[in-house]
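Only one structure is covered here, and it is reproduced in the block below.
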Amino acid sequence: MKSPLLSLPGAVPAEGVDEGVAAHYGDLFREQRALADGTGFVDLSHRGVVTVTGADRLGWLHLLLTQHVSELPPGQATEALILSAHGHIEHALYLVDDGETVWAHVEPGTQEALIAYLESMKFFYRVEVADRTGDTAVVHLPAGSIAEVPEGAVVRETAYGRDLFLPRADLESFAAAAGPAAGLLAHEALRVEHHRPRLGFETDHRTIPHELGWIGPAVHLQKGCYRGQETVARVQNLGKPPRRLVFLHLDGSDVHLPAHGTELRVADDGPDGRKVGFVTTSVRHHELGPIALALVKRNVSVDARLLAGETAAAQEVVVEP
């Protein structure tokens, strides 16, 4: 959905899966610094919004999700995954319950497949699932923000800030009161700085939660059965994941950032060495310079210097080998 905030001065549209909102408003680093200082907001109105209502909503979701939500208190934010039967990540949900309704925002364009799955699992449970993307917009207020939350907005508060579920019709009036607007590239730069994975960026068709550090934040290890739990338990108790998430400091002299999917090799092996991983997200940070997240094979030495294509990259451990 195309955001009306693309009409704000300096707005440059995002591309790809994030099409529909602004990548930036003319000054990427100023926008990053504003968010880091707790000012401004980010338009995330392109994200899907799904609600679940009904007396059985929490108990029912508890059976389907990787997170313990059967007793989720109203107003407490959490995140959860839906896995395949083999334990691969299919959906990521960012949740809050307001006492009557579970609100979740999800990656753009994934809400239809998510709802189809949820509908197929309703059986006799007293729940109703709805796609609220058309009438509800998500906006993000950074940590430390003192911006006023509009009356009636549903708030999902985390250590990284507050996600607001607003009536889409109120988006422009909210922007006028809460500005300045920061684009999605600024939001992504802070996400990478904090090593936070994103579905479709840090994941592929075979990603399991252990590879990305999602055990704990999105996967609860002491809850009842759910689809894919066998893989989670087996890796947790008997083995290690085949890959691990790393944080990369990229050579700042390169003009271009390595794109998603750029192959990683050990620098000592040269550009023709064997592939050991790939870049998932790369950004320019206002303090750290060019940085990235990447997936590498678990047995890659934590001290190894890497090449992202032709760009030198020094790694920091995110997920222990």
Side-chain angles (χ1 to χ4, degrees), residues 1 3-12 14 18 20-49 51 72-79 93-106 132-133 135-196 198 217-218 283-288 291:
M1 301 189 69
S3 172
L5 303 190
L6 284 172
S7 63
L8 292 177
V12 174
D18 290 320
V21 296
H24 61 85
Y25 295 90
D27 192 338
L28 172 62
F29 290 156
R30 177 190 60 77
E31 294 164 32
Q32 285 185 33
R33 286 191 289 269
L35 292 181
D37 290 341
T39 59
F41 73 96
V42 183
D43 178 10
L44 299 178
S45 61
H46 64 315
R47 291 184 65 81
V49 177
T51 60
L72 185 67
Q76 180 174 309
T78 191
E79 55 190 272
L93 298 82
Y94 299 84
L95 306 163
V96 68
D97 184 84
D98 67 3
E100 297 181 351
T101 301
V102 173
W103 294 79
H105 65 80
V106 298
R132 299 293 302 274
T133 310
D135 60 37
T136 304
V138 179
V139 296
H140 175 76
L141 294 173
S145 170
I146 59 172
E148 184 175 349
V149 175
E151 184 177 355
V154 176
V155 180
R156 180 180 177 275
E157 185 163 3
T158 74
Y160 304 105
R162 290 173 289 171
D163 298 334
L164 310 184
F165 295 85
L166 298 173
R168 192 169 287 273
D170 295 346
L171 187 56
E172 289 180 277
S173 60
F174 171 83
L184 197 68
L185 289 180
H187 187 261
E188 284 288 278
L190 300 186
R191 176 180 73 82
V192 172
E193 176 191 7
H194 294 127
H195 309 162
R196 294 159 56 205
R198 183 178 172 190
V283 295
R284 298 190 187 279
H285 191 275
H286 69 288
E287 289 183 339
L288 301 174
I291 56 176

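A quick note: this is a predicted structure, and the numbers were derived from the prediction, not measured.
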- Task: For A11 and L6, work out which heavy atoms get closest and say how close.
- Result: CB-O, 3.4 Å
- Task: Could you go through the side-chain contact (heavy atoms from CB on, under 4.5 Å) check for V138 and W103 one step at a time?
- Result: CA-CA 11 Å; V138 179; W103 294 79; over 6 Å; no
- Task: Please work out which of the three classes, parallel, tilted or perpendicular, describes the rings of H194 and Y160, given edges at 30° and 60°.
- Result: tilted
- Query: Looking only at heavy atoms, what is the nearest atom pair of V42 and G183, with distance?
  - Reply: CG1-O, 4.2 Å
- Item | Heavy-atom closest contact (D97 atom, G99 atom, distance) | OD2-N, 2.8 Å
- Item | Heavy-atom closest contact (L164 atom, P150 atom, distance) | CD1-CD, 4.2 Å
- Message: Just verifying a value: how many Å separate T136 OG1 and L171 CG, rounded to the nearest 0.5 Å?
- Response: 11.5 Å
- Distance from Y94 atom OH to L44 atom CG, nearest 0.5 Å? 11.0 Å
- Message: Main chain of V102, side chain of T51: is a donor-acceptor contact present, judged purely on distance under 3.5 Å?
- Response: no
- Query: Does the distance from a Lys or Arg side-chain N to an Asp or Glu carboxylate O, for D163 and R47, drop under 4.0 Å?
  - Reply: no
- Has the side chain of T78 got a donor or acceptor atom that lies under 3.5 Å from a matching backbone atom of L95? no
- Message: Determine whether H46 and L184 satisfy the following criterion, side-chain contact (heavy atoms from CB on, under 4.5 Å), listing intermediate values before the conclusion.
- Response: CA-CA 11 Å; H46 64 315; L184 197 68; 4.1 Å; yes
- Counting only N and O atoms by type, is there a donor-acceptor contact under 3.5 Å from the side chain of R156 to the main-chain atoms of A104? no
- Residue of the set H187, H286, H24 for which side-chain hydrogen bond (donor to acceptor under 3.5 Å, both in side chains) holds with Q32: H286
- Query: What's the verdict on side-chain contact (heavy atoms from CB on, under 4.5 Å) for E172 and L5, showing C-alpha distance, side-chain angles and the deciding distance?
  - Reply: CA-CA 7 Å; E172 289 180 277; L5 303 190; 4.1 Å; yes
- Consider only side-chain N and O atoms of E193 and H285, and report whether a donor and an acceptor are under 3.5 Å apart. yes
- Message: Once rounded to the nearest 0.5 Å, what's the spacing between atom CZ of F29 and atom CZ of R284?
- Response: 7.0 Å
- Any side-chain donor paired with an acceptor under 3.5 Å for S45 and D43? yes
- Query: Any sub-3.5 Å donor-acceptor pair from R162's side-chain atoms to S145's backbone N or O?
  - Reply: yes
- Any chance you could measure R191, atom CZ, to R198, atom CZ, to the nearest 0.5 Å? 6.0 Å
- For the atom pair OG1 (T39) and CD (E31), what is the distance rounded to the nearest 0.5 Å? 11.0 Å
- Message: To the nearest 0.5 Å, what is the distance between CZ on F174 and CD on E148?
- Response: 10.0 Å
- Query: I291 and L288: which non-hydrogen atoms are nearest, and at how many Å?
  - Reply: CG2-CB, 3.8 Å
- Query: When the ring planes of H105 and F165 are compared, do they come out parallel, tilted or perpendicular, using 30° and 60° as the limits?
  - Reply: tilted
- What are the two closest non-hydrogen atoms of A178 and A147, and how far apart are they? CB-CB, 4.5 Å
